[in-house]
Amino acid sequence: MPRAAAHRCPTMASEAELKAAGEKYVPKDYDPALYKTRHSLAHVLAQAVTERFPNAKPTIGPPVEYGFYYDFDLDAQPTDADLNWIADRMRQIIKGKHAFKVREITAAEGRELFKDNPYKLELIDGLTNGQDEYGNSAAGAAPLLTVYQQDTFVDLCRGPHVETTRDLDPKAFKVTQVTGSYWRGDEKNKGLRRFHATAWASEADLKAHLERVEEAARRDHRKLGRELELFSNEPVFGSGFPMLLPKGATVRRLLEQFITDYERQAGYQHVYTPDAAKKELYRISGHWEHYKDSMFPPMDLGEGGQEWDELCLRPMCCPHHIQVYKAKPRSYRELPIRIAELGKMYRYERSGVVGGLSRVRCMTLNDAHLFVRPDQVKQEIAGVLALMKKSCADLGISEFRFRLSKNDDPATAAKGKYVDNPEMWESSTRMLREVLTESGMPFFEAWGEAAFYGPKIDVQVKDVMGREETLSTIQADQHLPEQFKLEFKDSDDTPKRPVMIHRGVISTMERMMSYLIELYAGAFPVWLAPVQVGIVPIADRHFEYASKIAADLRAKDFRVECDLGDKRMNAKIREFQLQKLPYVLVIGDKEMEAGAVAVRLRSGDDLGAKPVAEFEALLEQVVKSRTLKLVP
RNA sequence: GCUGCUGUAGCUCAGCUGGUAGAGCACCUCCUUGGUAAGGAGGAGGUCAUGGGUUCGAGUCCCAUCAGCAGCUCCA
């Protein structure tokens with residue numbers, strides 16, 4: 001608690017002290033100046049919104065990655081005209097050069113001040129009971145209540161803020177949209193209206209950000225998926241069941257070959273297990289208890305039998321791979337046993353979350369379960385991390401971060417989400433943390449992100465719209481071995497329980513494809529390109545030679561299209577270019593005579609005429625190296 | 001699932017306060033045989049997402065369903 005200034009009430013801190021106290025709320029990796037700008041603009045927005053909608057009740061309005069939002073309890077549906085009015089009004093307020101004044105209040109004062117706003121009253125109650133503004137327990141949170149005021153608008157707020165609205169650039173923010181949200185993020189609570197805005201230090205920064213957003217829209221895998229004929233969604237299949245068109249299927253097949261080759265080399269054994277099983281299996285595994293909401297309803301086949309005989313589409317492969325382990329008695333000498341499958345699984349995702357390839361209801365995971373002795377766990381996890389790094393390097397994925405995903409913070413844990421076995425959680429989490437620490441890779445920890453049966457190491461990437469997704473995941477599991485009474489015979493002739501490591505290295509084929517499409521903006525590296533070479537004969541008389549070259553390249557396992565249409569060569573080149581083919585071979589009289597092809601690159605560069613054999617050698621080398629470059 | 005927005009030809013989109021559907025590209029035919037990002041002419045193609053309702057009359061208004069988009073929540 002800051003000490004009081006001499007000339008003021010002894011329990012009250014000075015304005016300077018209060019402002020200083022606010023500074024510590026800037027997150028570690030957030031630019032403090034930008035944080036204050038956005039936080040202050042949120043208050044300016046709230047003032048404008050409450051002027052436009054006098055019934056709107058402000059709730060919370062924090063800075064976020066690209067700007068800020070502010071949630072209001074508001075029954076009206078704001079229109080574009082309202083948003084424009086609000087943005088204009090914000091600029092006016094900014095030009096009014098109002099100071100952000102802070103003062104400390106008592107809880108009683110706060111309850112009087114915000115008596116018409118139940119949300120602020122709830123915040124005050126929480127803050128005085130050691131919670132943060134999200135209702136989470138915040139150990140050591142100062143029981144200090146402050147209000148900030150600019151112009152006519154007063155808000156309960158811990159700061160920090162800029163000194164005056166003069167520090168805000170009226171041209172460096174944009175109110176982007178209004179969407180729905182819930183008080184405290186809980187759908188059981190009242191729906192709120194969230195005003196989103198992006199805000200930057202300068203007009204130039206704002207412009208740059210808006211350009212990045214446009215570029216992201218151009219890279220959107222759903223748009224490119226249609227344009228490049230990779231996949232489509234058909235209403236008759238239903239939401240979340242995309243179909244892969246031939247070109248998308250080619251990319252997927254190449255990814256599958258790529259990863260299964262690496263797995264075989266790393267000592268994995270591949271299996272095929274059924275996509276469905278009796279409910280009994282998921283009763284034992286705990287999925288029925290903890291994961292039912294994400295499963296499709298069981299099928300009653302009308303064959304009689306008990307309830308547990310009903311058939312379920314599998315939401316995960318782990319119980320199935322356990323059956324592989326259990327297929328015969330195991331000795332400590334056999335372990336680790338690494339069971340892998342491109343496992344198809346079905347999850348009943350809520351309708352509002354499915355879309356494109358990144359979130360689907362039927363997915364194929366690059367899945368594997370390692371059954372290991374306790375003394376092998378760390379070494380095997382390290383092996384998985386190595387495989388993951390190698391795969392990411394080949395796929396060109398360089399921007400990711402590791403997350404140690406833990407079960408719920410014991411302080412706020414809800415029952416039922418995770419299996420109840422504190423010791424198991426503690427030891428598994430410690431194991432994963434040790435591996436991460438020893439690997440020397442930076443990571444962060446997060447509560448509430450674990451699988452129901454154990455903690456995870458997740459590899460987090462961002463999609464082109466800035467949304468974070470999990471690609472790879474590694475999980476240490478002592479729960480399922482227990483549930484299924486897995487055993488191996490140890491060297492001392494006693495039965496022991498193995499540990500299971502669950503891992504997906506290149507994620508689901510669907511999500512990996514969506515990620516790669518966006519990463520490469522549809523211009524895949526040659527080894528992954530669905531069509532590698534487009535052939536453009538200049539005139540009819542070159543068709544035969546062009547077709548022969550296409551056939552030869554195909555026979556050597558390259559992916560080729562030859563355009564025998566009656567369009568002009570310029571149009572054919574343009575078409576291949578728009579389809580982002582790495583190479584276009586132009587064939588006319590000169591090439592035919594010389595047994596050559598004229599090589600045009602996706603970059604627009606022209607390599608000129610090359611003997612066919614020379615081009616084939618080039619292609620082979622580029623494919624083999626998995627480079628993104630078009631020439632070795 | 002919830003809050004909101006959207007659904008017109010294969011794609012991108014016009015279509016006013018309700019009066020009976022249009023463009024460009026793609027496609028097909030013909031002409032053109034062209035040297036590195038669109039040659040020309042003609043033609044075909046839509047029960048306006050689906051099902052109800054209001055109305056003399058619905059692409060247009062209302063309701064439901066399906067699908068898509070943004071956000072919340074969830075997640076590989």
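Lettering of chains follows the sequences in order, A, B, ..., and the numbering in each one begins at 1.
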Kindly list each side-chain donor-acceptor pair under 3.5 angstrom involving residues 386-399 of chain A, sequence neighbours excluded, with atom names and distances?
from: A:S391; atom 1: OG; to: A:L387; atom 2: O; distance (Å): 2.8
from: A:D394; atom 1: OD2; to: A:Y262; atom 2: OH; distance (Å): 2.4
from: A:D394; atom 1: OD2; to: A:R626; atom 2: NH1; distance (Å): 3.0

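- Counting heavy atoms of neighbouring residues, nucleotides and ligands inside a 6.0 Å radius, atom NZ of A:K629 does not exceed 12 of them.
- Put simply, the side chain of A:R347 gets close to the backbone of A:P315: a donor and an acceptor are under 3.5 Å apart.
- Each of A:P537 and A:M316 was assigned the nucleotide of RNA chain B with the nearest heavy atom; the assignment lying further toward the 5' end belongs to A:P537.
- Contact annotation: the side chain of A:F615 approaches that of A:Y583 to within less than 4.5 Å [non-hydrogen atoms, C-beta and beyond].
- Here, B:A38 and B:G19 have their P atoms 41 Å apart, quoted to the whole Å.
- Each of B:U36, B:G39, B:A70 was ranked by its minimum atom distance to the side chain of A:I573; first place goes to B:U36.
- Looking at A:Y291 and A:M316, their side chains come closer than 4.5 Å, going by heavy atoms from C-beta outward.
- When each of A:Q177 and A:L357 is assigned the nucleotide of RNA chain B bearing its nearest heavy atom, the one mapping closer to the 5' terminus is A:Q177.
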Checklist entry - What pattern of brackets, bars and dots sums up RNA chain B from 5' to 3', given Watson-Crick or G-U wobble pairs under 3.5 Å, [ ] for crossing pairs and | for another strand? => result (((((((..((((.....[..)))).(((((.......))))).....(((((..]....))))))))))))....
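- A:A42 pairs by the side-chain contact (heavy atoms from CB on, under 4.5 Å) definition with A:F68, A:Y70, not counting sequence neighbours.
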List every contact pair, protein side and nucleotides 1-9 of chain B side both N or O, where the distance is under 3.5 Å.
from: B:G1; atom 1: OP2; to: A:S351; atom 2: OG; distance (Å): 2.8
from: B:G1; atom 1: O5'; to: A:S351; atom 2: OG; distance (Å): 3.4
from: B:G1; atom 1: N7; to: A:G352; atom 2: N; distance (Å): 3.0
from: B:G1; atom 1: N2; to: A:E187; atom 2: OE1; distance (Å): 3.2
from: B:C2; atom 1: O2'; to: A:Y182; atom 2: OH; distance (Å): 2.4
from: B:C2; atom 1: O2; to: A:Y182; atom 2: OH; distance (Å): 2.7
from: B:U3; atom 1: O2'; to: A:R193; atom 2: NH1; distance (Å): 3.2

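- A:R226 has its CZ atom 8 Å from the P atom of B:C11, to the nearest Å.
- Here, B:G42 and B:C5 have their C1' atoms 41 Å apart, quoted to the whole Å.
- Using a 4.0 Å heavy-atom cutoff across all strands shown, A:D540 reaches at least one base atom of the nucleic acid.
- Relative to the ring axis of A:W447, A:K406 places its NZ or CZ within 45° and under 6.0 Å from the centre.
- The minimum heavy-atom distance linking A:A609 with A:E591 is given by the pair CB-OE2, 4.5 Å.
- Whole-Å rounding puts the A:Y291 OH to B:C75 C1' distance at 7 Å.
- No donor-acceptor contact under 3.5 angstrom links the side chains of A:E341 and A:H270, judged on distance only.
- Taking only distance into account, the side chain of A:T508 meets the base of B:A76 through a donor-acceptor pair shorter than 3.5 Å.
- Rounding to whole angstrom units, NZ of residue A:K188 and P of B:C74 are separated by 11 Å.
- For A:R347 against B:C74, no side-chain N or O and base N or O form a donor-acceptor pair under 3.5 Å.
- Nucleotides B:G35 and B:C16, compared at atom P, are 47 Å apart to the nearest Å.
- Applying the salt bridge (Lys or Arg N to Asp or Glu O under 4.0 Å) rule to A:K344 yields no partners; only residues at least two apart in sequence or on another chain are considered.
- Salt bridge A:R38/A:E65: absent, no basic N to carboxylate O contact under 4.0 Å.
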Pairs under 3.5 Å (N/O, protein and nucleotides 24-32 of chain B):
from: B:C31; atom 1: N4; to: A:D566; atom 2: OD2; distance (Å): 3.3
from: B:U32; atom 1: O4; to: A:D566; atom 2: OD2; distance (Å): 3.4

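- With hydrogens and angles left out, the side-chain atoms of A:Q475 and A:Y453 include a donor and acceptor closer than 3.5 Å.
- Listed in residue order, the members of residues 228-241 of chain A having a heavy atom less than 4.0 Å from RNA chain B are A:G238, A:S239.
- Atom CG in A:D186 sits about 15 Å away from atom P in B:C72, given to the nearest Å.
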Would you tabulate the side-chain donor-acceptor contacts of residues 357-364 of chain A under 3.5 Å, counting partners in other chains and residues two or more places apart, or write 'none'?
from: A:R359; atom 1: NH2; to: A:E349; atom 2: OE1; distance (Å): 3.0
from: A:R361; atom 1: NE; to: A:E349; atom 2: O; distance (Å): 2.9
from: A:R361; atom 1: NH2; to: A:E349; atom 2: O; distance (Å): 2.6
from: A:T364; atom 1: OG1; to: A:R252; atom 2: NH2; distance (Å): 3.0

Taking distance alone, no hydrogens or angles, what donor-acceptor pairs closer than 3.5 Å link side-chain atoms of residues 593-604 of chain A to residues at least two apart or in another chain?
from: A:R600; atom 1: NH1; to: A:Q577; atom 2: OE1; distance (Å): 2.6
from: A:R602; atom 1: NH1; to: A:F524; atom 2: O; distance (Å): 3.0
from: A:R602; atom 1: NH1; to: A:K580; atom 2: O; distance (Å): 3.0
from: A:R602; atom 1: NH2; to: A:F524; atom 2: O; distance (Å): 2.9
from: A:S603; atom 1: OG; to: A:D605; atom 2: N; distance (Å): 3.3
from: A:S603; atom 1: OG; to: A:D605; atom 2: OD2; distance (Å): 3.1

Checklist entry - Can you check side chain to side chain donor-acceptor pair (under 3.5 Å) on A:E234 and A:S232, steps first, answer last? => result CA-CA 6 Å; A:E234 298 302 320; A:S232 72; 3.1 Å; yes
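- Inspection of the A:R193 and A:T179 side chains reveals no N or O donor paired with an N or O acceptor under 3.5 Å.
- Nucleotides B:G24 and B:C30 are separated by 22 Å at their P atoms, to the nearest Å.
- An OP1 or OP2 oxygen of B:C69 is reached within less than 4.0 angstrom by no side-chain nitrogen or oxygen of A:K223.
- We find that CD of A:E341 is positioned 18 Å from P of B:A76, with the value rounded to whole Å.
- Rounded to whole angstrom, the span from the CE atom of A:M569 across to the P atom of B:G34 amounts to 11 Å.
- A:R574 places its CZ atom 11 Å from the P atom of B:A37, with the value rounded to the nearest Å.
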N/O contacts under 3.5 Å, protein versus nucleotides 47-52 of chain B?
none

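- The stretch residues 577-600 of chain A comes close to RNA chain B through A:Q577, A:L578, A:V586, A:G588, A:D589, A:K590, A:E591, A:A598, A:R600, each having a heavy atom under 4.0 Å from the strand.
- The shortest heavy-atom contact between A:V505 and A:N366 is N-OD1, 3.1 Å.
- Sorted by first then second residue, the ring pair (Phe, Tyr, Trp, His ring centres under 6.0 Å) pairs that include residues 223-243 of chain A, not counting sequence neighbours, are A:H221-A:F231.
- The local environment of CD in A:E544 is sparse, with at most 12 non-hydrogen atoms from other residues, nucleotides or ligands closer than 6.0 Å.
- Under the 3.5 Å distance criterion, with hydrogens and angles disregarded, a donor-acceptor pair is assigned to the side chains of A:T198 and A:H209.
- Across the protein-nucleic acid pair, A:I60 atom CD1 and B:G71 atom P stand 18 Å apart, rounded to whole Å.
- Rounded to whole Å, the P atom of B:U32 lies 41 Å from the corresponding atom of B:G15.
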